[in-house]
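Both counts, for ligands and for their atoms, begin at 1 and track the order of listing. Just so it is clear, the values below take in all heavy atoms, side chains as well, and ignore hydrogens, waters and symmetry mates.
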Amino acid sequence: MEETEETIVYRLGANCSLEDVEEGKTYIGKVQGFANFGVFVQLCDRVKGLVHKSNVKQQHKERDPILVSVLQIRSNGNIDLEEVTPTIYHTRTVTRKTPTVMLSDLGTKIGRTVLIEGEVAQIKQTSGPTIFTLVDESGTENAAAFVEAGVRAYPDIQLGDIVGVVGEVMQRNNQLQIEVASIVALGDEDAARVRKRIDQALDERSEPEDFPFLVQSEVLEILKPAMRNVAKRIRKAVFTAQPIVLRHHADADGICAAVAVEQAVTALIRESGGDFDADYFLFKRAPSKAPFYEIEDITRDLDFALKDNVRYGQKLPMILLMDNGSTDEDVPALRAAQVYGLPVLVVDHHHPDEIVDQYLVGHVNPYHVGGDFGITAGMLGCEIARMVNPAVENQIRHLPAIAAVGDRSEAAERARYLEIVSQDYSLDDCRDIALALDYEQFWLRFNDGREIIKDILNLSGEPERHRRLVKLLVEGANRAIEEQMEAVMPHVELRVLPNGAHLFMLDVEIYAHRFTFPPPGKTSGEVHDRLVQKYAGTPVVTLGFGPDFAVLRSRGVMMNIPQMVRELRKEIVGGGVNGGGHLVVGSIKFVEGMRSNVLEGLIAKIGNAPI
Ligand code: MN
């Protein structure tokens with residue numbers, strides 16, 4: 001039998017709408033419900049019609065398949081159907097006439113009605129409409145659906161659903177928005193197809209470009225795949241509107257690392273659409289009190305993340321730890337993140353403990369490839385930031401030099417990063433900026449100070465304000481340091497150890513000003529710097545201690561502080577020893593009543609270390 005219109009039964013494909021239905025054609029549908037005047041038939045998610053009871057040929061139950069011919073499409077969109085019962089027929093799927101529009105193309109469709117397929121990345125109920133944030137492979141935009149002021153529209157649509165949205169593209173306050181006419185959660189098969197398409201495309205889009213590092217570095221070259229992994233995951237989080245929480249060590253190096261990534265990420269968020277303030281609520285930077293990710297930190301982060309999830313329908317965040325995160329002290333916090341399934345990335349240059357890796361989806365650390373802490377977090381952070389968003393390179397290329405100076409890097413890379421910015425920033429400028437960061441962070445306590453920090457780092461486009469602010473902060477910091485040194489230097493005690501090292505000891509609790517700048521760690525560091533100059537050519541260790549802590553710095557003595565801490569912990573029963581840090585810069589905690597035992601044990605180990 002020849003195929004003719006009469007023998008073809010059409011099946012409406014995903015997202016087909018009224019425009020795809022033609023009068024006179026036969027369609028397969030599903031019985032949706034009954035009224036006393038007839039039977040409602042669903043032709044696809046968005047299209048339904050009515051078979052008047054006079055046109056019903058057979059008995060039906062709900063959800064039965066039914067073949068219908070279209071008698072008339074009325075101007076109000078109602079469709080009149082007639083049941084048909086052909087014995088032999090072919091089915092064909094109708095693909096919709098309205099092609100899906102990419103979110104990144106909405107700017108060219110203002111005033112038009114479009115179909116979007118994407119993932120629901122956020123559902124925010126306002127006092128007016130419900131705002132669905134949609135993500136597809138090209139970008140992020142909001143769709144506003146209104147039923148009644150403050151009432152949740154489409155309550156069946158959940159975070160993470162793959163949906164088809166039809167609506168008109170509007171522009172409000174310079175922001176694109178879709179005024180929703182309909183949202184449909186796609187069926188399993190269609191959702192899987194769209195999800196796969198978006199995932200594949202996003203995966204490709206998230207792949208960082210490959211270009212050379214700012215400076216030549218063997219260690220960075222070997223770290224490149226791990227750095228690309230971190231950069232790719234950051235990009236993907238941005239493209240899928242997953243919030244990022246960036247936690248970092250609260251010193252100049254940690255700040256430089258974190259701010260480099262902050263610049264890259266916030267610019268990328270603004271570029272990829274969505275709310276005008278998305279760069280604020282999708283990216284949070286927070287300095288950590290301790291030199292590791294504490295339980296206090298993760299508890300705060302989880303508290304905010306879970307509330308944002310419930311109140312603003314946000315996804316749970318990805319956590320990025322910088323200049324932090326590599327040691328077993330981080331494990332309790334990492335385990336808490338694991339309970340909530342939060343992915344965690346670490347970019348650190350502290351001596352890593354292998355145990356952390358089971359909790360991480362990415363870990364960049366120079367020790368993994370034979371490098372050391374001389375490759376600072378700021379260097380790593382800046383290079384990763386360039387991978388995340390190359391457009392910010394010119395703004396951030398001076399940050400590694402500041403970080404290297406701030407963290408006293410002795411790696412060859414330090415000079416190279418200084419060299420590439422030497423036109424604009426001298427070594428002294430970098431030293432001043434690093435000191436200004438440390439000083440300002442002390443007053444910021446554990447706030448990020450996003451905009452103030454940008455001024456200190458000359459990222460606000462206000463060079464004069466930057467210059468004046470840094471000058472002011474450096475004067476304040478130096479005055480405070482001088483006062484502190486006047487007070488403490490007369491109380492430094494020298495012991496010459498068996499290996500010839502000069503050990504300088506200072507009780508920072510009773511001989512230093514407390515609760516002001518410089519804090520005990522930096523006070524000891526300043527003391528150390530002065531002694532190193534005075535005793536040039538001699539191995540020098542400076543030990544600043546309080547009732548239950550000690551901070552150590554060394555020049556010319558080959559110590560391994562994390563290992564010494566582990567040994568002391570075993571040897572001094574009831575000492576409560578823990579701590580860590582870098583090989584030759586570190587801090588140790590213990591219980592107050594065991595201070596003399598711990599300090600003497602520590603001094604014995606320093607006295608045995610090779611010079
Ligand atoms: Mn550091």
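The minimum distance between the Mn ion (ligand 1) and any N, O or S atom of Asp253 involves atom OD2. Here the N, O or S atom of Asp407 that is nearest to the Mn ion (ligand 1) is OD2.
Note on Asp323: counted as a metal contact of the Mn ion (ligand 1), an N/O/S atom lying under 2.8 Å. At least one N, O or S atom of His349, from either the backbone or the side chain, sits less than 2.8 Å from the Mn ion (ligand 1).
Under the salt bridge (charged side-chain N to carboxylate O under 4.0 Å, His left out) criterion, Glu526 pairs with Lys522, Arg530, not counting sequence neighbours.
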* side chain to side chain donor-acceptor pair (under 3.5 Å) between His363 and Ser326, worked out -> CA-CA 8 Å; His363 185 180; Ser326 275; 2.8 Å; yes

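Defined by atom type and a distance below 3.5 Å, a donor-acceptor pair is missing between the side-chain atoms of Asp372 and His349.
Side-chain contact between Val388 and Lys232: absent, with no pair of heavy atoms (C-beta onward) separated by less than 4.5 Å.
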